[in-house]
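Here's the structure we're looking at; comments come further down.
Here the structure is a predicted model, which means the values were calculated and not measured.
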Amino acid sequence: MRIGTGYDVHRLQEGLPLWLGGVRVPHTHGLVGHSDADVLLHAICDALLGAAALGDIGQHFPDTDPRYKGIASTKLLAHVGGLLRSEGYTIGNIDSTVAAQRPKLRPYIDTMRQTIADALGIAIGQVSVKATTTERLGFEGREEGISAQAIALLL
């Protein structure tokens, strides 16, 4: 068994689409990044890559590479799943948390879990997604950005 952790942060900007967990969440602001800036999927990718000692998301999908400009992070996650399978790993489970003051994410969490499971070829019961506010503290609380953390178990 191997365990990995992942963490990601992106800044919010008005007028951009907000992608979290592979789901477009209605909001006035979206996340800024080279790809679709999905902090949740990026944290999960890093947790999985870290558990397998395969580097990090920046190594595999550098923001200097035009192939990844605007790419859906579900594609990045699916690629990471393929890397894990080629190395002989099986995903035991993933646990993750998104920190955002707004929007409320509860209505989208089950769809996020299914999207993540589908991208990795695992069961929805192996994927946990939680959301929290920061009680208006820090950059998330001031609605300047959104962060996500993830932990993954590989077998």
Open item on the list: For I71 and D36: C-alpha separation, side-chain torsions, deciding distance, then whether side-chain contact (heavy atoms from CB on, under 4.5 Å) applies.
Closed with: CA-CA 6 Å; I71 194 169; D36 64 7; over 6 Å; no

TODO: Output yes when a side-chain donor or acceptor of R2 lies under 3.5 Å from a complementary backbone atom of L154, and no otherwise.
DONE: no

Task: Listed partners of H79 passing ring pair (Phe, Tyr, Trp, His ring centres under 6.0 Å), at least two apart - done: F61

Identify all side-chain donor-acceptor contacts of residues 41-53 below 3.5 Å with residues at least two apart in sequence or on another chain.
residue: H42; atom: ND1; partner: D8; partner atom: OD2; Å: 3.1
residue: H42; atom: ND1; partner: H10; partner atom: NE2; Å: 3.4
residue: H42; atom: NE2; partner: S35; partner atom: OG; Å: 3.3
residue: H42; atom: NE2; partner: S73; partner atom: OG; Å: 2.8
residue: D46; atom: OD1; partner: I57; partner atom: N; Å: 2.7

Task: Summary of side-chain hydrogen bond (donor to acceptor under 3.5 Å, both in side chains) pairs that have at least one residue in residues 18-30, sequence neighbours excluded - done: none

Open item on the list: Same cluster or not: V9 versus L137, using hydrophobic residues (I, L, V, M, F, W, Y) connected whenever any side-chain heavy atoms lie under 4.5 Å apart?
Closed with: no

- [ ] For residues 130-155, pull every pair meeting ring-ring contact (aromatic ring centres under 6.0 Å, His included), keeping only residues two or more places apart or in separate chains.
- [x] none

Open item on the list: More than 12 heavy atoms of other residues, nucleotides or ligands under 6.0 Å from NZ of K130: yes or no?
Closed with: yes

- [ ] Examine L155 and L84 and state if one hydrophobic cluster contains both, with Ile, Leu, Val, Met, Phe, Trp and Tyr joined whenever side-chain heavy atoms are less than 4.5 Å apart.
- [x] no

Open item on the list: To the nearest 0.5 Å, what is the distance between CD1 on I109 and NZ on K104?
Closed with: 11.0 Å

TODO: Any chance you could measure T111, atom OG1, to I124, atom CD1, to the nearest 0.5 Å?
DONE: 8.0 Å

Task: Test item: side-chain donor near acceptor, D118 and Q114, under 3.5 Å - done: yes

Open item on the list: Looking at R136, is its backbone amide N or carbonyl O close enough to the side chain of Q101 to form a donor-acceptor pair, meaning the two atoms are under 3.5 Å apart?
Closed with: yes

Open item on the list: With side-chain hydrogen bond (donor to acceptor under 3.5 Å, both in side chains) as the rule and sequence neighbours excluded, what pairs involving residues 51-66 come up?
Closed with: D65-R67

Task: Test item: D38 side-chain N/O and G22 main-chain N/O as donor-acceptor pair under 3.5 Å - done: yes

Open item on the list: Test of understanding: clusters of I, L, V, M, F, W, Y form through side-chain heavy atoms closer than 4.5 Å, transitively. Do I116 and L153 belong to the same one?
Closed with: no

- [ ] Give a yes or no answer on whether the side chain of S96 reaches the backbone of S128 with a donor-acceptor pair at less than 3.5 Å.
- [x] yes

Open item on the list: Once side chain to side chain donor-acceptor pair (under 3.5 Å) is applied, do any residues pair with E140, and if so which ones, sequence neighbours excluded?
Closed with: S147

